[in-house]
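Here the structure comes first, spelled out in structure tokens, and everything after it is commentary.
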Amino acid sequence: MDTVLMGGMLLAIMLVLLAGGVWIAMTLAIVGWIGQAFFTSTLPGKNLFSAFWESNASWELAALPLFIWMGEILFRTKLSEEMFEGLRPWLNRVPGRLMHTTILGCGVFGSVSGSSAATCATIAKVALPELKRRGYNEQLAIGSLATAGTLGILIPPSITMVVYAVAADASIIRIFLAGFLPGLLLMLLFSGYIGWWSLKHPDQVPPADPPSSFMTKLRTSGSLIPVGLLIVFIVWVLVAGWATATECAAFGVLGSLAIAAWGRSLTWTNFSEGLMGATRTSCMIMFILAGAAFLTKTMAFTGIPRELAEWVNSMHLSPYALIGALVLIYLVLGTALDGISMIVLTSAVVLPMIQKAGFDLIWFGIFIILLVEIAEVTPPVGFNLFVLQNMTGKDSNRIARAALPFFACLVVCIALITLFPQIVTIVPDLVMGKEQ
């Protein structure tokens with residue numbers, strides 16, 4: 001059967017199942033089963049069990065429930081409220097005020113977790129209730145969280161970066177260093193849009209508080225010190241190489257519990273509720289991961305990603321036309337595959353094309369990770385959309401619409417690093433010297 005027709009049929013089945021209200025993880029698994037049973041000669045049953053086991057039996061994945069539990073502790077005790085109170089006087093005169101905490105929180109937490117799902121789930125659990133309680137626009141908050149949550153895979157360390165470095169036979173440290181400036185640029189673009197939107201819709205932003213002195217701001221921010229020190233400690237031990245991301249997640253949980261107990265806001269009730277909430281969210285995310293892993297196996301067996309890449313190669317495009325074509329291809333793949341699978345399934349064909357066109361492999365690594373970020377908020381298989389859908393109860397298409405302006409910021413960031421590749425390469429070149 002023609003590959004395009006095959007892919008179209010599978011996508012149509014997925015959309016019908018999602019529209020019918022079938023669980024997201026079940027939808028992914030069912031589409032994967034149909035694809036293997038009818039379009040390949042493999043046995044889907046065996047691959048189903050192996051995909052479910054391989055996607056969740058991972059030491060690195062243990063960081064996910066721990067970071068989510070850390071977010072639950074912050075949310076269910078007074079710590080999240082104290083954090084927002086501490087930030088309020090400093091952001092009082094900035095257009096958008098506390099709405100910027102979603103971007104700042106995702107950026108800082110993303111540098112620790114290295115996971116888009118963990119970043120999105122943890123910061124959403126802390127920020128959404130507080131922003132809603134204080135009268136901020138919920139649509140803007142959800143849209144910013146869906147896209148800013150993807151900073152977890154752009155700001156190092158990142159599992160996706162490691163996968164790309166291995167596939168491209170490139171320096172992992174160079175890839176890590178290359179992610180800092182684009183990550184900062186993306187945070188500025190997100191915050192810039194929030195500021196512009198707030199100036200256009202002043203009636204939907206809570207009024208500013210009366211001006212306060214510098215010493216008053218410092219006294220109000222005293223509540224930020226314990227949690228701030230915890231975050232600094234987690235980032236420090238990770239960057240120094242003294243702990244893995246999973247160990248840092250464990251430190252985060254222990255630190256959050258200790259701070260909550262010290263502040264006398266930790267009770268057996270909110271402890272057990274936080275544990276159960278983290279369990280439910282983690283199981284939801286892992287179930288979706290398992291379904292996506294099985295669908296990825298189906299895509300590999302059908303050969304759809306490889307054929308798309310080979311089709312682009314056969315067109316013999318100019319360098320920038322090649323980049324434009326790859327953007328479209330990865331956007332299409334992002335509707336059905338997770339980011340790591342997109343890289344693994346296409347690298348053998350795409351990377352030689354990139355080298356032949358004269359592009360730097362380190363630059364292309366950041367370029368492709370930005371495309372993976374777009375895939376995280378692209379229906380029907382946008383992973384961050386699923387996370388927020390399960391946390392807020394809102395339809396994933398509504399969340400995708402809320403994320404559209406921030407989606408445009410991602411596109412602008414891709415355009416900027418394409419026009420000015422030094423944004424990506426300057427940090428690794430300064431730290432490690434130019435590659436020969």
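- Panel note: side chain Trp363, backbone Ile417; a donor-acceptor pair is recorded below 3.5 Å.
- With sequence neighbours left out, Ala402 forms a side-chain contact (heavy atoms from CB on, under 4.5 Å) with Gln139.
- A heavy-atom distance below 4.5 Å is not found between the side chains of Phe180 and Val424.
- When all heavy atoms of Ala124 and Pro129 are compared, the pair lying nearest together is O-CD, 3.6 Å.
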Could you pull out all donor-acceptor pairs under 3.5 Å where a side-chain atom in residues 365-374 meets a protein atom, sequence neighbours excluded?
unit_1	atom_1	unit_2	atom_2	d
Glu373	OE1	Thr150	OG1	2.5

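- Between Ser256 and Leu230 there is a side-chain heavy-atom pair separated by less than 4.5 Å.
- Interatomic distance, CZ of Phe407 versus CZ of Arg401, reported as 15.0 Å (0.5 Å rounding).
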Point to revise | Verdict with supporting geometry, Asp429 and Arg174, side-chain contact (heavy atoms from CB on, under 4.5 Å) | key: CA-CA 8 Å; Asp429 285 349; Arg174 277 188 173 273; 3.3 Å; yes
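- Screening residues 269-283 for salt bridge (charged side-chain N to carboxylate O under 4.0 Å, His left out), with sequence neighbours left out, gives Arg76-Glu273.
- Under the 4.5 Å side-chain criterion, counting only non-hydrogen atoms from C-beta, Ile103 is in contact with Ser144.
- Rounding to the nearest 0.5 Å places OG of Ser265 at 10.0 Å from CD1 of Ile259.
- Residues Phe190 and Thr102 are not in side-chain contact: their nearest non-hydrogen atoms beyond the backbone lie 4.5 Å or more apart.
- Contact between Leu416 and Ile423 at its shortest, heavy atoms only, is O-CD1, 3.9 Å.
- Here the shortest heavy-atom pairing between Ile362 and Ala178 reads CG2-CB, 3.7 Å.
- The closest donor-acceptor contact from the side chain of Asn270 to the backbone of Ile73 lies at 3.5 Å or more, if one exists at all.
- By the 4.5 Å heavy-atom criterion applied to side chains, Asn137 and His201 are not counted as neighbours.
- Among all heavy-atom pairs drawn from Pro65 and Ala278, the shortest one is O-CB, 4.4 Å.
- Here Leu104 contributes atom CG and Met99 contributes atom CE; the two are 14.0 Å apart, rounded to the nearest 0.5 Å.
- Residues Leu185 and Leu181 have side chains not in contact (no heavy-atom distance under 4.5 Å, counting atoms from C-beta outward).
- Among pairs with a residue in residues 127-156, none fulfils ring pair (Phe, Tyr, Trp, His ring centres under 6.0 Å), at least two apart in sequence or across chains.
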Quiz: residues 285-292 side-chain donor-acceptor pairs under 3.5 angstrom, not counting sequence neighbours:
none

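- Residues Leu186 and Phe406 fail the side-chain proximity criterion, which asks for heavy atoms closer than 4.5 Å.
- Take Ala403 and apply the side-chain contact (heavy atoms from CB on, under 4.5 Å) test, not counting sequence neighbours, and it matches Ala146, Thr147.
- Across all their heavy atoms, Cys106 and Gly149 have their closest contact at SG-N, 3.8 Å.
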Exercise for review: Take Leu151 and Met187, measure what side-chain contact (heavy atoms from CB on, under 4.5 Å) needs, and give me the verdict at the end.
Suggested key: CA-CA 8 Å; Leu151 289 166; Met187 290 175 67; 3.6 Å; yes
Exercise for review: For the pair Trp242 and Glu247, evaluate side-chain contact (heavy atoms from CB on, under 4.5 Å) and give the outcome as yes or no after the intermediate values.
Suggested key: CA-CA 9 Å; Trp242 295 349; Glu247 291 164 343; over 6 Å; no
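- Rounding to the nearest 0.5 Å places CG of Leu145 at 6.0 Å from CG of Leu388.
- Under the 4.5 Å side-chain criterion, counting only non-hydrogen atoms from C-beta, Ile142 is in contact with Lys394.
- Atom-to-atom distance recorded for Phe364:CZ and Thr418:OG1 is 10.5 Å, nearest 0.5 angstrom.
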